Trainee: 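Handing you a structure now.
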Amino acid sequence: MDMKSIEQKWQKKWEKDKLYSFNRKNADKKFYCLEMFSYPSASKLHLGHWYNYGLTDSYARYKKMKGYEVFEPMGFDAFGLPAENYAIKTGIHPEKSTLSNIATMEKQLKAMGAMFDWNYEIKTCMPDYYKWTQWLFLKLYENGLAYRKEAPVNWCPSCNTVLANEQVQEGHCERCGTQVVKKNLTQWFFRITNYAEELLSGLNNLDWPEKTKAMQRNWIGKSLGGEVVFQAENGDEFKVFTTRADTLFGVSYVVLAPEHPLVKKLVTKDRKAEVNKYIEKTSKTEEIERLSTAREKTGVFIGAYAINPINGKKVPIYCADYVLYSYGTGAVMGVPAHDERDYVFAKKYGLPINVVIRDPSGKTDLPFCDDGTLINSLEFDGMPSEEARKAILNRLSTLSKGQHKINYRLRDWLVSRQRYWGAPIPVIHCEKCGAVPVPYKDLPVLLPKDVEFKPDGESPLKKCASFMNTKCPKCGGKAKRDPDTLDTFVCSSWYYLRYPDNKNEDMPFDPEIINRMLPVDKYVGGPEHACMHLLYARFITKALRDMGYLKFDEPFTSLTHQGIILGPDGNRMSKSKGNVVSPDTYIDTYGSDILRLYLMFGFAYTEGGPWDDNGIKSIAKFADRIERLVEKVKTYKRGKLPEPEITEKELLFSEAYAIKSVDRDMNAFSFNTAVARLMELVTAIYKYDGTENRREEYVVKTVETLITLLAPCAPHFSEELWSVMGNKKSVFLQEYPVCDESALVKQEVEIAVQVNSKMKGKTVVASDADDETVKAAALGIDPVKNAVAGKQIVKAIIVKGRLVNFIVK
RNA sequence: GCCGCUGUGGCGAAACAGGCAGACGCAAGGGACUUAAAAUCCCUCGGUGGAAACACCGUACCGGUUCAAAUCCGGUCAGCGGCACCA
């Protein structure tokens, strides 16, 4: 079969017949199947796209045939750095390259033969989309969820922009790999931390991979503890956060982070020079070296002392860079006997080591960091750690010197970017009125096109006077626009809400429509977004829910991560490694359906693995085998089926088994086994067709079942076969075959026979045979006879239809 | 260091609920058809021993529960991914 021409033929026909158009009227039967939209890149679709989009499309087609009104949209995450960097290199405007890349990708995606309904396409870089991204920003601002503050932020000196915590990987920029430095900047943040608890607890009810949920839990990083108030001699108070209040009697010093404002206030005159030197040094070393956990702990005594509220003891105050200002209270208590870092620190600076927890195993090695029993802790002596944590915090609480406290590792989401190719932040800065949000009626704040975007550490927009200079919406005076653009993750945090109502000019989406269309029923994409996109999207959904726009709590009910197709050498495909495999040659040789089928059959979907084309030929052969069958069978007699004989019963069993298995496997993204079952069905049909008295009606019936089951996996090919069989309507309008359970009931079953739990052989019995009959049959075979000879059967375990196990002595 | 996942033939992988390990394929070997090749069809294919019937071993490793473990429990090792001075 000429795959190329049938692909084109059916794609045209499908488009003409609007076969895959989504009909919102049927939203009560909707199935929202979403693949993470793609970044428009200049290079052609690679195997990964095929694996993600092609196979998920097969899943969507399967759902369609199961009677759902499937919504499978596609769009482009079109803002972002690569287009801008490309522009810097070549001088080609990002809009131009992006739109042309999108055009190319659209063409290729269409050639894949997926069901995408392009009427619902979105491109995040278009004003009709980013207008609503800006709307989202303003709504968050209005509801206290967007705010501006000066803070030490992650700065990538190569990309010349700040990065969110999530975009920093092992201290390096996730985009370009450059070492990230700290910089103090005034930036916009989204208050994702408001939702920390719900983002955490909501995970429990999601049908998501455990791994991804664990990563989010980890990232949110809830820790139960307490705050303890220490008072300096001058009366200033500061809090420390601890999860080990039970060790409070063991405190021998406290530490403030170098950035902590009290450091400068409390430092004594004689220590000032040294402390300042230390602060300066750490702010520099931080930039270079603060990653290594093995790094030696350093710190400096600031000359002042603080009072431990539980026992009134005076302890020295240190300043040390192993305490992070951004976590907890930016201050910790030092308990060298029961914390590894504190132990190392105390040894180095000769601080006392007070043991206050006894190791239940009797050992006296230090530091001892597990729970134990309290000692040297006055009236708390003898308490187990867990109880003591509560008791001590309760005591502090009555003294107003502390309280129970929950801390999260999650930080607010920094969304300002000093880059050009993004959605402008819709805020105007007025000398009189401060930061003023752009009125809704003035949206979108258009991204100017004629801009010098060479990076120099400042936002490119800052140099565009026509953009920057504006009037304050409040007082009408001269004012400047915010020169930054939004993190592209803001664009992608809500796109799934726009798809079903993508042409709405009055609202980002009509809540009436969106509440019927969402949540997404199946979301498919890579696991690399676990702590970024997937977390942000959940946050935005919850925020919009609380503003009254949405009636659901989670955007993505069920999530599947596709595996990654590696290069033949087992490494991730990359141009630099020279191991990139293009799908094109396979499509030219075999056709897109064969490539799709091979990707289904050759890998476990969520695992992926190294590419190896050894088996693709066999898939082509498999298709030929089906084609030959159809060519032969198309003229066969059809119509009412004669009463089935034993051979027909076997055939019907194979058919029912295939239907049941393929149905279950497709639903579970277990494509490899689904294809295996189809292969078995083909073999069974061939076998039946080769029997002497085979009846044509049965062959036709099962071949049609086969084509229907195959259709989601090889859409063009199946459509062609379906029409060769003489059918006028599309196979995708065909109902999915229903398994006839009665055909699965066999007259006879083969059961395994064991003696003392060792396999001895097999025997065939009537499936409704009683236990005695089964035993007798099992004892009839030779290996069993031998094994049982001369021994006494103590017991026989019978699992109906499966096995019998004789226990002998 | 912490969290999560994975570990099954020469290879990709299956095993749905503790019940016949290796479905379905690839590769390999043998055969049929053919002047020959391709295509197609059939057979063998975890290991060891054996001519064979058959026996023993086998799901990373050690141990446990059970009539029965790839599957459940405890421990160890290896690989992958994530987090990492988070107090």
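Each chain gets a letter, A, B and so on, in the order the sequences are listed, and its residues count up from 1. Everything numeric here is computed off the predicted structure, so don't read it as measured data.
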Trainee: So, does A/Lys760 get its side chain near the phosphate of B/A55, meaning an N or O under 4.0 Å from OP1 or OP2?
Mentor: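 Checking B/A55 against A/Lys760, a side-chain N or O does come within under 4.0 Å of OP1 or OP2.
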Trainee: State whether A/Arg409 places a side-chain N or O below 4.0 Å from either non-bridging phosphate oxygen (OP1 or OP2) of B/A87.
Mentor: no
Trainee: Strictly below 4.0 Å: does A/Lys758 bring a side-chain N or O up to OP1 or OP2 of B/C57?
Mentor: yes
Trainee: C1' atom, B/G18 versus B/C26: distance in rounded Å?
Mentor: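 Here B/G18 and B/C26 have their C1' atoms 32 Å from each other.
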Trainee: Taking the side chain as C-beta and beyond, is there a heavy-atom pair between A/Asp339 and A/Met333 under 4.5 Å?
Mentor: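 They are not in side-chain contact.
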Trainee: In the structure shown, which nucleotide is the Watson-Crick or G-U wobble counterpart of B/U8, with both distances under 3.5 Å?
Mentor: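 When the pairing criteria are applied, nothing turns out to pair with B/U8, so the answer is none.
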Trainee: With a 4.0 Å limit, can you tell me whether A/Asn218 has a side-chain N or O closer than that to the phosphate oxygens OP1/OP2 of B/C2?
Mentor: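 Indeed not, no polar side-chain atom of A/Asn218 lies that close.
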Trainee: Nearest to the side chain of A/Ala752 - B/C20, B/G81, B/A87?
Mentor: B/C20
Trainee: In whole angstrom, give me the gap between the P atoms of B/A32 and B/G22.
Mentor: 30 Å
Trainee: On RNA chain B, does the nearest nucleotide to A/Met759 precede the nearest nucleotide to A/Thr243 from the 5' side, or the other way round? Give the residue.
Mentor: A/Met759
Trainee: Taking the nucleotide of RNA chain B with the nearest heavy atom to each, does A/Thr673 or A/Asp342 sit closer to the 5' end?
Mentor: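 Mapping each residue to its closest nucleotide by heavy atoms, the 5'-most match is A/Thr673.
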Trainee: Taking the same atom, C1', in B/G64 and in B/G9, what whole-Å distance lies between them?
Mentor: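 28 Å, rounded to whole Å.
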Trainee: Looking only at atom C1', what distance separates B/G1 and B/G63, rounded to whole Å?
Mentor: 27 Å
Trainee: How far does the C1' atom of B/G58 sit from the matching atom of B/C20, given to the nearest Å?
Mentor: 15 Å
Trainee: What interatomic distance, in whole Å, is found between P of B/A69 and the corresponding atom of B/C61?
Mentor: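 Going atom to atom, P in each nucleotide, I get 15 Å.
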Trainee: Looking only at side-chain N and O atoms, does A/Tyr322 come under 4.0 Å of OP1 or OP2 in B/A87?
Mentor: no
